[in-house]
Number of protein chains: 2
Amino acid sequence: MTERQPDSTAATGDVPSRKRLGKNGDGAERHDAIYRSISDAIIEHRLKPGARLREDALADVFGVSRTGIRKILQRLALEQLVTLTPRRGASVTRPTADEAKDVFDARQMVECGLMPATARHMTPDDASALRDMARREREALRAGEQSTAIKLSAAFHERLAQLSGNATLAEFVARLCSRSSLILAVYGNPGHLGCESHDHDELIRFLEAGDGERAAAFMSRHLKAIEASLSIVEEEEEVPDLQRIFSG
Amino acid sequence: MTERQPDSTAATGDVPSRKRLGKNGDGAERHDAIYRSISDAIIEHRLKPGARLREDALADVFGVSRTGIRKILQRLALEQLVTLTPRRGASVTRPTADEAKDVFDARQMVECGLMPATARHMTPDDASALRDMARREREALRAGEQSTAIKLSAAFHERLAQLSGNATLAEFVARLCSRSSLILAVYGNPGHLGCESHDHDELIRFLEAGDGERAAAFMSRHLKAIEASLSIVEEEEEVPDLQRIFSG
DNA sequence: CTGTCGCGATGCGTATACAATAGCCGATAT
DNA sequence: ATATCGGCTATTGTATACGCATCGCGACAG
């Protein structure tokens, strides 16, 4: 690992050139960039649930040592995007049906509860920025770029929570959105993306009008619709219970 | 670091003797125990906000290398119990007034919102266990053991959230309770502990009766009372704005 | 006497090396 | 032919070593 990879376009494309990364300089920023690369890859379903993430491979790809990778992997594990099994390494988390229910219940409570505050704090600039995001999401969806659409949809919900002014809850919502993306990857029907095309625009309209109550009600329906579109079948993960299966 | 500290009573008192920690054995459990030791020390105000946590010192005290300590410190940082500044090391987080408001607003939303589900799921056993916790908390408070009382109070709220059945939200509440403990350490008035003596018993009564609505209302008042008991004065942390002060 | 520069020490950030474990494949015995 | 046992390899977990930044103190110049 003493030689540098001359091409830094290996992984996700946004590795910061090779700005004299001799020893330090942008160490922290670099790690953050790697974190975001992996996180994005998971959220965009470029890394599918169950995919193994070997430390050596990641260290090699990003040109840092395993130490840094481990740190990032642990952070991802704490956010429940990856699962760390004691001697088996890291893999992209495969949410269970129970977790999926918990996550969507939590989103119901928090995102809806945040709507009034968001409606209060929203400025015309915020509204137009949100509209732009919704538009880009629609375009991505139309162009068949699922990855982009998924990320934009999550970003939209995150932004909404940020506008409420409560940083703690906004961060929590961000976490829930990431996990929702994972849930969609496992239980979602292909082709039937989570958020309906014009739901987000409708939501913006309520918020713009300062009607937090109606926005909350709409958000509730919106989330229920997403959850209802999932096909949660539980996959029969555990021991197949041969007794029961072959009892005939 | 090759010799063992013969006295293991140095730090928090529950370092697990020196059970032949030759190389591995209970590595993961050990780290978890260390994590809990530090976490508890912070929550119980044995480590006060602003206290510096040097890696070498912790590594020495617990008899592991800095590597393990770093991992634990990062986990604590992600939970916002300690603050990691790039080259200055770790210190116990000192919450700002804004953060305090966010945390209590979040608790209002989530803890109150969880009450109906908790009321639905509560069994007589749960109720008696909760009563026991409340009793022990009262006793600790009466005996002047602030540390114990603080921890028990946080544990009570955490347990309530767990009973709701939503693991995701329960974990979030646990995090919020930890941070609340930190907030009490900074902004709380000495002697006037957060939770009033009999509030928790009252809450149990509502929940036992299955009256989630009333429990939520009571929880709301309860949290408001705690927040109101704080003296948030903002401490003038940032640059003291010498211009303004000496403008006369 | 004061302000600035330089030196030394402390402590974090990163990489590398070593050790242990779990899964896998092949060999052998029944 | 198959099942079981043993060794091997691959991969993680932990510790240690090294480099660099920052902070505090002292000396020297003005």
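Since the model is a prediction, treat every value here as computed from it, not as a measurement. Reminder, nothing fancy here: chain letters follow the sequence lines and each chain counts from 1.
- Atom pair I72(B):CD1 and dA15(D):P shows a separation of 11 Å (rounding to whole Å applied).
- In this structure, R54(B) atom CZ and dT10(C) atom C1' are separated by 9 Å, rounded to whole Å.
- Residues T93(A) and P49(A) share a closest heavy-atom pair of O-CB, 3.5 Å.
- Counting only N and O atoms by type, the side chains of H45(A) and Q146(A) include no donor and acceptor under 3.5 Å apart.
- Residue K71(B) places at least one side-chain N or O under 4.0 Å from the OP1 or OP2 atom of dT14(D).
- In this structure, CD on E111(B) lies 9.5 Å from OG1 on T118(B), to the nearest 0.5 angstrom.
- The base of dG11(C) lies outside donor-acceptor range of the side chain of R52(B), with no N or O pair under 3.5 Å.
- Residue R66(B) places a side-chain atom within donor-acceptor reach of the base of dG13(C), judged by atom type and a 3.5 Å distance cut-off alone.
- Side-chain atoms of R70(B) lie closest to dC12(C) of the nucleotides dC23(D), dA15(C), dC12(C).
- Between G89(A) and T67(A), it is G89(A) whose nearest contact on DNA chain D lies nearer the 5' terminus.
- Rounded to an integer number of Å, the gap from CZ of R88(A) to C1' of dA22(C) is 8 Å.
- Rounded to whole angstrom, the span from the CG atom of L53(B) across to the P atom of dG11(C) amounts to 13 Å.
- Summarising the geometry, the separation between NE2 on H31(B) and P on dT14(D) is reported as 5 Å, rounded to the nearest angstrom.
- Atom CG of D56(B) is separated from atom P of dG13(C) by 12 Å (rounded to the nearest Å).
- Side chains of L160(B) and L130(B) form a contact here, defined as non-hydrogen atoms less than 4.5 Å apart.
- Annotation: side chain of I183(A) is not in contact with side chain of E227(A) (no heavy-atom distance under 4.5 Å).
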Next on the checklist: If a pair means Watson-Crick or G-U wobble with both distances below 3.5 Å, what does DNA chain C look like in dot-bracket form, with | marking bases paired to a different strand?
Outcome noted: ||||||||||||||||||||||||||||||

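- The CZ atom of F172(B) sits 10.5 Å away from atom SG of C177(B), with the distance rounded to the nearest 0.5 Å.
- I69(B) has its CD1 atom 16 Å from the C1' atom of dG13(C), to the nearest Å.
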N/O donor-acceptor pairs under 3.5 Å from side chains in residues 72-81 of chain A, not counting sequence neighbours:
unit_1	atom_1	unit_2	atom_2	d
R75(A)	NH1	D32(A)	OD1	3.3
E79(A)	OE1	Y35(A)	OH	2.7
E79(A)	OE2	Y35(A)	OH	3.1
Q80(A)	OE1	R179(A)	NH1	2.9

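- Between the CG atom of D60(A) and the C1' atom of dT11(D) there is a distance of 15 Å, rounded to whole Å.
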